[in-house]
Amino acid sequence: MPRPGEPYYVTTPIYYVNGEPHLGHAYTTIAADVATRHARRCGSDVFFLTGTDEHGQKVQQAAAAAGVSPKEWADPIAARFRELAHDIEATNDFFIRTTDPEHEAFVQRFVERMRERGDLYESTYSGLYCTACEAFYNEDDLVDGRCPEHGTVPVFTEERNTFFRLSAYADALLERYAADPPFVLPQTRLNEVRSHVEGGLQDVSITRESVNWGVPLPWDASQAIYVWIDALINYTSALTYARPGEDLTARLWPARWQLLGKDILRFHAVIWPAMLLSAGYELPRQLFIHGMLAGQDGHRMSKTRGNAMDYRPVATTYGPDALRYYLLREVAFGQDGGVGYAGMHDRYHSDLANELGNLVSRSIAMVTRYRDGVIPTVAPAAELAALAAEVADAYEQRFEHLDFTGALERVWELVRALNRFVEARAPWELAKSDEPGAPAALDETLASLTEGVRVLAVLLWPYLPSKAPLMLAAIGEAADDVGFDRAVLGNGSGRSVDASGGPLFPRVDAPPA
Ligand code: MSP
């Protein structure tokens, strides 16, 4: 469990501004926000960073095609990514843009340090370049001569470049991959980078001669720092200027979690740690590599492929909480999977409106009907208290490994158990019964249900940050009482329910087209 006062720095990749944000970008930011919110409510010293990657050939080309300067192109799209974070209820503490002058100056200092370490040299590069990836490829990496990520044909490039002696860091990297806690999760991704490094590392070019939209190399302005080098450094540069007049590095570095998709695993698990070692930094504590969401055509969703889904119709139709829930529930976090409007529509109704929403509204309605709205002050049913304790415990363990899907599955065991409990106890029968034990049994039933709803709200709050407070308010609790230590099914305190709210998840007629 994240500990009170523990430094807890969480990052997402910074997204390219070659096009509008889509559901794939929303995915990582949502996951990072769930980790962030949980750590924050456990009292950790959390800092959550996201932002945009604005230099390089890809953005330069997008701007040229639109007939504007790269900066003119980047400004409104960066604003759209900022809006994305807001629209999905992300609570990032800063939004970095690689065109921030403070970042650019920091990048220059960072590569100076690598140079002082003796890790840079000049040489000629020739090879295949995929602009969509902003990466060099070997023939063997291609599938039918095409980029494995984007299906586009890479272009032959030959240039005089500055190189980073990455090969010198192979042993240090292997040492870190062997250490505990694992540098990379899930384990399969760690194995993947380990065998890549064991296969031998080549030095990498860290400048581009033909690209002028980038940070100039401090000692040779004819070269721009390669966009990936510039971009990776954001995780450290941001800490130096996110809070004016304060350098957060000593407090927050090394990062607790760096989240990213498997498409950019090698940049983060090989090049980035080697750069940090070269410049004299500690390595991040753990990287979490999630899978790729596929669009309706079954391929990885991307702007380049043209199959990207806009997150906005989903967020508008079902609400941001439902989108957060759907993405983390539908695809096991860490694996690949498909998402779509029809699946969203189904899960919204089956899981959220029916299983969760109805449980809440029935519980409130019954307290209103049978006890004039006052929740009985009796202990809840012991079997439910035991199940809730087990679920909270498992949830905590899942969160240790960012298994957000596993945690949700356990929470749903409690949702389903509560629904079965209502049916088994049949409060409507107890209310009519003349049996001497009936009133006490009804009290216990109602107290168990409202306590169940309260614990569910606490557990679900990182996923459903707007709906969970409504659940709490509906049972007369303070809407912000979401500390993790409150996830215990305990005694009712004689509160009154508030039946004035509408359904938590109102029905939606049809999915967005
Ligand atoms: N700018 C680089 C990252 C630099 S980080 C120092 C980049 N940008 S990107 O816009 O292409 O974003 C890639 C990241 O966005 C992925 O690693 C992932 O976090 C997220 N996703 C983009 N498309 C996605 C899917 N289709 N599915 C899941 N995540 C996706 O690469």
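Nothing here was measured: the structure is a model prediction, and the numbers come from that model. When reading the values below, keep in mind they use all heavy atoms of this one structure, side chains included, and skip hydrogens, waters and symmetry mates.
When the salt bridge (charged side-chain N to carboxylate O under 4.0 Å, His left out) test is applied to E159, the partners found at least two apart in sequence or on another chain are R208. For R312, the salt bridge (charged side-chain N to carboxylate O under 4.0 Å, His left out) partners at least two apart in sequence or on another chain are E20, D310. With sequence neighbours left out, the side-chain contact (heavy atoms from CB on, under 4.5 Å) criterion links A457 to A468, M471, L472.
For the salt bridge (charged side-chain N to carboxylate O under 4.0 Å, His left out) condition, the pairs that include at least one residue of residues 39-51, sequence neighbours left out, are R40-D93, D45-R251. Sorted by first and then second residue, the salt bridge (charged side-chain N to carboxylate O under 4.0 Å, His left out) pairs involving residues 458-472 (not counting sequence neighbours) form an empty list.
A distance-only check finds a donor-acceptor pair linking the side chain of W213 to the backbone of E54 [under 3.5 Å]. Between the side chain of Q223 and the backbone N or O of R160, at least one donor-acceptor pair lies under 3.5 Å. Of the possible polar contacts, one joining the S195 side chain to the N191 backbone as a donor-acceptor pair under 3.5 Å is found. No donor-acceptor pair under 3.5 Å is formed between the side chain of R398 and the backbone N or O of A407. A donor-acceptor distance shorter than 3.5 angstrom exists from the side chain of R324 to the backbone of I88, with no hydrogens or angles considered.
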Quick one: side chains of residues 326-337, donor-acceptor pairs under 3.5 Å with protein atoms, not counting sequence neighbours, listed by atom name and distance.
{"unit_1": "Y326", "atom_1": "OH", "unit_2": "G340", "atom_2": "N", "d": "3.2"}
{"unit_1": "Y326", "atom_1": "OH", "unit_2": "G340", "atom_2": "O", "d": "3.4"}
{"unit_1": "R329", "atom_1": "NH1", "unit_2": "Y325", "atom_2": "OH", "d": "2.5"}
{"unit_1": "E330", "atom_1": "OE1", "unit_2": "R347", "atom_2": "NE", "d": "2.6"}
{"unit_1": "D336", "atom_1": "OD1", "unit_2": "K262", "atom_2": "NZ", "d": "3.2"}
{"unit_1": "D336", "atom_1": "OD1", "unit_2": "M292", "atom_2": "N", "d": "2.8"}
{"unit_1": "D336", "atom_1": "OD2", "unit_2": "K262", "atom_2": "NZ", "d": "2.6"}

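Ring centers of F95 and F81: at least 6.0 Å apart, outside the cut-off. Aromatic pair Y235/H268: centroids less than 6.0 angstrom apart.
Of the options D230, N234, T240, a side-chain hydrogen bond (donor to acceptor under 3.5 Å, both in side chains) to H103 is made by D230 and by none of the others.
The line from OH of Y8 to CZ of F48 is 12.0 Å long, rounded to the nearest 0.5 Å.
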